[in-house]
Protein chains: 2
Amino acid sequence: MSNRAAQPALKTPVSANGKRGGNGKARDQEQNIEIGLDGLVGHAGYAVRRFQIWIFQDFIRTLAAVDIKPTQYSVLTVIGANPGLSQMAVAKRLGIERARLVHLLDSLEDRKLVRRVQSRTDRRSHALHLTARGEASLRQFKLLAAEHERHVAEKIGAENREQLLRILAPFT
Amino acid sequence: MSNRAAQPALKTPVSANGKRGGNGKARDQEQNIEIGLDGLVGHAGYAVRRFQIWIFQDFIRTLAAVDIKPTQYSVLTVIGANPGLSQMAVAKRLGIERARLVHLLDSLEDRKLVRRVQSRTDRRSHALHLTARGEASLRQFKLLAAEHERHVAEKIGAENREQLLRILAPFT
DNA sequence: AACAATTGTTGTCGTCAACAACAATATTTC
DNA sequence: GAAATATTGTTGTTGACGACAACAATTGTT
């Protein structure tokens with residue numbers, strides 16, 4: 001080793017390799033050898049993190065043709081189901097910051113899926129609506145999202161998916 | 001409105017407010033009014049994302065005194081259970097990029113919890129080991145992590161937590 | 001009228017995943 | 001055994017994201 005800046009690597013240049021070195025001369029593919037997780041199994045957070053990465057990747061892949069990411073989909077869905085909401089209300093409902101929602105809506109408005117209409121009752125806030133194009137698009141997105149959901153069911157089993165939705169319902 | 005740069009807001013300055021505007025003159029606290037999620041309920045990804053945010057925040061809060069984040073904990077746990085692993089093997093096992101593991105190990109090595117020992121069989125790679133201090137610290141971290149796990153059980157129920165671990169076991 | 005709170009916006013900071021490029025080293029192939 | 005190829009650790013860049021802080025415009029409160 002010791003490439004460009006090798007100081008950290010050379011900090012402890014000596015000492016034994018330790019027993020059970022996974023990559024001894026028997027280099028029968030280290031990645032296939034069982035690497036125990038020890039205390040990590042039994043940790044809900046680790047499993048949930050790995051699962052969340054997988055599920056988001058599948059969502060993005062399944063909706064790649066329409067270029068819609070999970071967060072964008074959630075924003076469109078909430079606006080579609082509750083037209084006229086303010087940005088503040090949408091941000092609170094979805095648990096995203098209003099500062100971040102600004103950019104999300106900028107993008108969706110550029111794509112003519114959402115409109116910011118000035119509210120007559122509160123001149124500070126915007127009433128959010130789907131455009132006609134937005135409503136038509138959302139219908140298509142929902143079909144693709146349903147396909148993604150089928151992927152989830154195939155991956156973990158339909159019954160397990162149902163249980164998972166039931167267990168995590170309080171967080172939605 | 002129209003604050004500093006109000007172009008996007010003024011793009012569509014006119015048009016009706018739309019029917020069913022959630023925030024009519026009856027401003028009885030918009031945030032308390034039920035905001036439907038429509039298609040979002042029934043989406044595993046959304047529930048998992050919200051849950052994952054909650055569980056990571058609790059982990060970080062519970063281990064704030066020792067300043068250990070979930071990823072750092074996972075790295076320490078795997079090295080502790082499999083001393084001598086290469087960085088590549090750890091990265092693959094935990095599903096993190098080797099580029100990112102470099103910084104994680106830099107930090108852990110600065111804190112004298114981990115050592116990079118040069119492998120004698122492959123001079124490119126490092127054999128990762130916990131220091132004596134690292135092993136002692138990890139024992140303490142595991143106690144705190146177990147406390148965090150109890151928080152999870154309180155939040156979703158012990159039986160639900162068990163089911164969740166069983167359902168998501170394939171992803172660990 | 002004076003003061004505090006809210007809404008949308010902009011900006012910064014730190015974390016993280018996904019790449020690309022590179023030097024050193026190991027492995028394969030002729 | 002030399003040349004081509006692959007791997008390992010490292011550095012850097014990019015973009016998505018959460019957490020803040022500051023601000024102008026507006027609303028609500030006293």
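Each chain gets a letter, A, B and so on, in the order its sequence line appears, and its residues count up from 1.
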message = Through direct or indirect side-chain contacts below 4.5 angstrom among Ile, Leu, Val, Met, Phe, Trp and Tyr, which residues connect to B/Trp54?
response = A/Val48, A/Phe51, A/Trp54, A/Ile55, A/Phe56, A/Val152, A/Ile156, A/Leu164, A/Ile167, A/Leu168, A/Phe171, B/Val48, B/Phe51, B/Ile55, B/Phe56, B/Val152, B/Ile156, B/Leu164, B/Ile167, B/Leu168, B/Phe171
request  = Sorted by first residue and then second, give each salt bridge (charged side-chain N to carboxylate O under 4.0 Å, His left out) pair with at least one member in residues 145-162 of chain A; sequence neighbours left out.
outcome  = A/Glu149-A/Arg161
ask   = Mind checking what makes side chain to side chain donor-acceptor pair (under 3.5 Å) contact with B/Gln72, not counting sequence neighbours?
value = none
Dot-bracket summary - DNA chain C, pairs being Watson-Crick or G-U whose distances fall under 3.5 Å, with | when paired to another strand = ||||||||||||||||||||||||||||||
ask   = Between C/dT7 atom P and A/Leu128 atom CG, what is the distance in whole Å?
value = 13 Å
key: Qualifying residues under side chain to side chain donor-acceptor pair (under 3.5 Å), relative to A/Ser137, sequence neighbours excluded   = none
Under 3.5 Å, N/O pairs linking protein and nucleotides 1-7 of chain D:
unit_1 : atom_1 : unit_2   : atom_2 : d
D/dT7  : O2     : B/Arg124 : NH1    : 2.5

With a cut-off of 3.5 Å and sequence neighbours excluded, list every side-chain donor-acceptor pair involving residues 61-69 of chain A.
unit_1  : atom_1 : unit_2   : atom_2 : d
A/Thr62 : OG1    : A/Asp58  : O      : 2.7
A/Thr62 : OG1    : A/Asp58  : OD2    : 3.3
A/Thr62 : OG1    : A/His151 : ND1    : 3.4

Minimum-distance nucleotide (side-chain atoms of A/Ala99 versus D/dG18, C/dA17, C/dT10) = C/dT10
With A/Arg133 via side chain to side chain donor-acceptor pair (under 3.5 Å) - residues at least two apart = none
inquiry  = For the backbone of A/Ser125 and the side chain of A/Ser119, can you confirm whether one donor and one acceptor N or O come within less than 3.5 Å of each other?
reply    = no
key: Interatomic distance, A/Ile96 CD1 vs C/dG8 C1' [rounded to whole Å]   = 14 Å
request  = Find the distance A/Arg120:CZ to D/dT27:P and express it as a whole number of Å.
outcome  = 14 Å
ask   = Can you check whether A/Leu128 reaches A/Gln87 side chain to side chain, under 4.5 Å on heavy atoms?
value = yes
ask   = Considering only D/dG9, D/dA19, C/dA18, which nucleotide approaches the side chain of B/Val102 most closely?
value = D/dG9
message = Without decimals, in angstroms, what is the distance between B/Leu101 CG and C/dA18 P?
response = 15 Å
ask   = Any side-chain N or O of A/Arg49 less than 4.0 Å from the OP1 or OP2 oxygen of C/dA17?
value = yes
query = What is the distance from CZ of A/Arg116 to P of C/dG8, rounded to the nearest Å?
reply = 9 Å
query = OP1, OP2 of C/dT25 versus side-chain N and O of B/Arg123: anything below 4.0 Å?
reply = yes
message = Whole angstroms only, please: what is the NE2-P distance between A/His103 and D/dA16?
response = 11 Å
All side chain to side chain donor-acceptor pair (under 3.5 Å) counterparts of A/Gln52, not counting sequence neighbours = none
task = Provide, to the nearest angstrom, the distance between the CD1 atom belonging to B/Ile53 and the C1' atom belonging to D/dA16.
result = 13 Å
message = Looking at the base of D/dG9, is there any donor atom on it, or on the side chain of B/Arg98, that sits under 3.5 Å from an acceptor on the other one?
response = yes
request  = Quick one: name the residues clustered hydrophobically with B/Leu165, using the 4.5 Å side-chain heavy-atom rule over I, L, V, M, F, W, Y, and just say none if it's on its own.
outcome  = none
key: Options D/dG9, D/dA19, D/dT27, nucleotide nearest the side-chain atoms of B/Gln87   = D/dG9
Comparing B/Arg100 and A/Glu97 on DNA chain D - which has the more 5′ nearest nucleotide = B/Arg100
ask   = What are the two closest non-hydrogen atoms of A/Leu101 and A/Ala91, and how far apart are they?
value = CD2-N, 3.9 Å
query = Is B/Gln118 near enough to D/dG9 that one of its side-chain N or O atoms lies under 4.0 angstrom from OP1 or OP2?
reply = no
inquiry  = Short of 4.0 Å, heavy atom to strand atom, which residues of residues 58-72 of chain A count as contacting DNA chain D?
reply    = A/Lys69, A/Thr71
ask   = Transitive ILVMFWY cluster of A/Leu143 at side-chain heavy atoms under 4.5 Å: who else is in it?
value = none
message = Output the rounded distance in Å from CG (B/Asp122) to P (C/dA23).
response = 19 Å
